[in-house]
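What follows is a short report on a single structure.
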Amino acid sequence: MSNSSSLNEFLLLAFADTRELQLLHFSLFLGIYLAALLGNGLIITAVACDHHLHTPMYFFLLNLSVLDLGTVSTTVPKSMANSLWDTRAISYSGCAAQVFLVALLLGGEYCLLTVMAYDRYIAICRPLHYGTLMGSRACVKMAAAVWASGFLYSVLHTANTFSIPLCQGNTLDQFFCEVPQILKLSCSDAYLREVRLLVVSCCLAFGCFIFIVLSYVQIFTVVLRMPSEQGRHKAFSTCLPHLAVFSLFVSTDLFAYLKPPSLSSPALDLVVAVLYAVVPPTLNPLIYSMRNKELKDALRKVISWTIFSSDNIAIALHK
C-alpha cells in the first residue's frame with residue numbers, strides 16, 4: 001500500500017477478540033450512548049420549550065448540548081456496529097467524515113466554552129451592561145462565530161491530514177479515526193505540515209485558555225466580595241458547572257495530545273480517547289443540572305409532559 005490514493009478503507013482498533021467481550025463492549029457503549037442522548041436531548045428540549053430559559057446562558061448551553069450530541073454520535077455508533085458485526089473496517093470516506101466532524105465539534109466546543117466564560121464574566125462583573133453586550137443579536141453572532149470557527153478548523157485539519165501520503169498500512173490503533181493515529185501511517189517527514197497546523201491550533205487554544213482563566217479570576221474576585229450569601233450562592237451555581245465542564249474537557253484533551261511518547265500504548269490511547277470523546281458529552285448534562293434550580297424545574301416539566309403524553313397515547317391505543 002504505497003500511498004493514500006490506494007486506500008479504500010481503514011481498520012479500527014478492536015476492543016476484544018472474543019464474541020462475549022465484543023457484545024459486552026457493545027452493551028457498555030450502548031448504555032453510554034443512550035445516557036448521552038437522553039441527557040443532552042432533555043436539555044435541548046427544556047431550553048427550547050421553557051420561555052424562562054430563553055436567556056444567553058441557556059442559549060449557549062443548548063448549543064453545547066448539540067455539540068456534545070454530535071461528538072458522541074460521530075464516534076460511538078460506528079464502534080458499536082463494528083463490535084456487533086465483528087468487523088474493524090471503516091471506509092476511506094467514512095474515516096474522513098469522522099475526522100471532519102470530530103474536529104468541527106471539539107473545536108466548536110472549545111470556542112463555545114470561551115464564549116460561555118465571557119457571558120458569565122459580563123453577567124457578574126458588568127451586570128449593568130449585560131443587556132447591551134449580550135443581546136439576542138449578539139448571542140446569535142457569537143454562536144455563528146463558534147460554528148464557523150469549528151468549521152474552518154475542521155476543513156484545515158481534514159484537508160491537511162488526507163493530503164499526506166500514507167505508507168505504513170491502514171491499521172489505526174483507535175476506535176475512531178483520530179488525526180494522530182492517521183499521522184502514524186504517513187510517509188517519512190510528510191506529516192510536518194499537519195504538525196505545523198497543530199502548533200498554530202495549540203497557540204490559539206492556549207489564548208482561549210488564558211482568556212477563560214483570567215475571566216474566572218475576575219469573576220471569583222467579584223463574587224467573594226459580595227455581601228449577600230444568597231448572591232454568592234447564585235453566582236457560584238451558574239459558574240461552577242461551566243468551570244467543571246471546561247476543566248473536564250481541557251484536562252482530557254491535554255493528556256490525549258500532549259502526553260509523552262514514552263507513555264503511549266494502544267490500551268492507554270484507547271482509554272484517553274474514551275475520556276475526551278465519550279465521557280464529557282455524557283457527563284455535561286448531569287454537571288449542569290446538579291446545581292441549577294431553573295434547569296431542574298424545566299427538566300421536571302419536560303419529563304412530566306413526556307410521561308403524561310405517553311399515558312394518553314397508551315390509553316388511546318387501548319381504546
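Values reported hereafter were calculated over all heavy atoms of this structure, with side chains retained and with hydrogens, waters and symmetry mates removed. Given the structure is predicted, the values throughout are model-derived calculations rather than measurements.
Counting heavy atoms from C-beta outward, Leu172 and Glu178 have side chains that stay 4.5 Å or more apart. Val155 has its side chain out of reach of Leu104: every pair of non-hydrogen atoms, C-beta onward, lies at least 4.5 Å apart. Between Lys78 and Ile90, the closest side-chain pair of non-hydrogen atoms falls below 4.5 Å. At a threshold of 4.5 Å between non-hydrogen side-chain atoms, the residues Leu38 and Leu34 do not count as touching. Using a 4.5 Å heavy-atom threshold, the side chains of Ile124 and Cys239 count as touching. Proximity of Asn284 to Ser65: side-chain heavy atoms (C-beta onward) are nowhere separated by under 4.5 Å. Using a 4.5 Å cut-off on side-chain heavy atoms (C-beta onward), Val76 and Ile32 make no contact. When side chains are defined from C-beta on, Ser83 does not count as touching Leu21, because their heavy atoms never get closer than 4.5 Å.
The salt bridge (Lys or Arg N to Asp or Glu O under 4.0 Å) search around Arg300 returns Asp297, not counting sequence neighbours. Ser93 is linked by a side chain to side chain donor-acceptor pair (under 3.5 Å) to Ser91, counting only residues two or more places apart in sequence or in another chain.
Interatomic distance, Phe59 CZ to Met57 CE, rounded to the nearest 0.5 Å: 14.0 Å. A distance of 13.0 Å separates CE in Met226 from NE2 in His233, rounded to the nearest 0.5 Å. Expressed to the nearest 0.5 Å, how far CG of Leu105 lies from OG of Ser73 amounts to 9.0 Å. Here Leu185 contributes atom CG and Cys167 contributes atom SG; the two are 9.5 Å apart, rounded to the nearest 0.5 Å. How far CZ of Phe176 is from CZ of Phe10: 14.0 Å, rounded to the nearest 0.5 Å. Between Leu67 atom CG and Asn40 atom CG the span is 10.0 Å, to the nearest 0.5 Å.
There is no side-chain donor-acceptor pair under 3.5 Å between Asn170 and Glu9.
When the side chains of ILVMFWY residues are joined at heavy-atom separations under 4.5 Å, either directly or via intervening members, Leu214 and Ile122 end up in a single hydrophobic cluster. If you chain together hydrophobic residues whose side chains sit under 4.5 Å apart, Met80 and Leu11 never meet in one group.
Every pair passing side-chain hydrogen bond (donor to acceptor under 3.5 Å, both in side chains) that includes a residue from residues 128-149 is listed here, sequence neighbours excluded: Asn63-Trp147, Asp119-Tyr130. Residue pairs satisfying the ring-ring contact (aromatic ring centres under 6.0 Å, His included) criterion with at least one member in residues 18-58, sequence neighbours excluded, are listed as follows: Phe15-His25, Phe15-Phe29, His25-Phe29, Phe29-Phe175. Counting only residues at least two apart or in different chains, side-chain hydrogen bond (donor to acceptor under 3.5 Å, both in side chains) contacts with residues 204-223 comprise Tyr216-His242.
Minimum interatomic distance between Phe246 and Ile212 (heavy atoms only, all atoms of both residues): CE1-CD1, 3.3 Å. Listed here is the closest heavy atom pair of Ile287 and Ala244: CG2-CB, 3.9 Å. Here the shortest heavy-atom pairing between Ala48 and Leu62 reads N-CD1, 4.2 Å. For Thr75 against Gln98, the heavy-atom pair with the smallest separation is CA-NE2, 4.2 Å. Scanning both residues, Pro241 and Tyr288, for their nearest heavy atoms gives CB-CD2, 3.8 Å. Minimum interatomic distance between Pro77 and Val72 (heavy atoms only, all atoms of both residues): CD-O, 3.4 Å.
Tyr153 shares a hydrophobic cluster with no other residue; no ILVMFWY side chain has heavy atoms under 4.5 Å from its own.
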CA sep, side-chain torsions, deciding dist, call: Leu69, Val66, side chain to side chain contact (heavy atoms under 4.5 Å, CB included): CA-CA 5 Å; Leu69 267 182; Val66 172; 5.8 Å; no
Audit row: Met134, Tyr118, side chain to side chain contact (heavy atoms under 4.5 Å, CB included) steps and yes/no: CA-CA 10 Å; Met134 299 302 295; Tyr118 174 73; 3.7 Å; yes
ring-ring contact (aromatic ring centres under 6.0 Å, His included) between Tyr110 and Phe209, worked out: CA-CA 9 Å; Tyr110 196 74; Phe209 177 81; 7.9 Å; no
Check against side chain to side chain contact (heavy atoms under 4.5 Å, CB included), Ile219 and Cys125: CA-CA 6 Å; Ile219 286 171; Cys125 299; 4.1 Å; yes
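Between Phe220 and Phe236, the distance from one ring center to the other falls under 6.0 angstrom. If you look at Tyr276 and Phe249, their ring centroids are not closer than 6.0 Å.
A disulfide bridge does not connect Cys208 to Cys111: their SG atoms sit 2.5 Å or farther from one another.
Here the side chain of Ser163 pairs a donor or acceptor atom with the backbone of Asn160 at under 3.5 angstrom. Side chain of Ser154 to main chain of Phe100: a donor-acceptor pair is present (N/O by atom type, distance under 3.5 Å, no hydrogens or angles). The closest donor-acceptor contact from the side chain of Thr238 to the backbone of Ala235 lies under 3.5 Å.
Around atom CZ of Arg19, more than 12 heavy atoms belonging to other residues, nucleotides or ligands sit under 6.0 Å away.
A side chain to side chain contact (heavy atoms under 4.5 Å, CB included) with Gln181 is found for one member of Thr171, Asp173, Leu13 and no other, namely Asp173.
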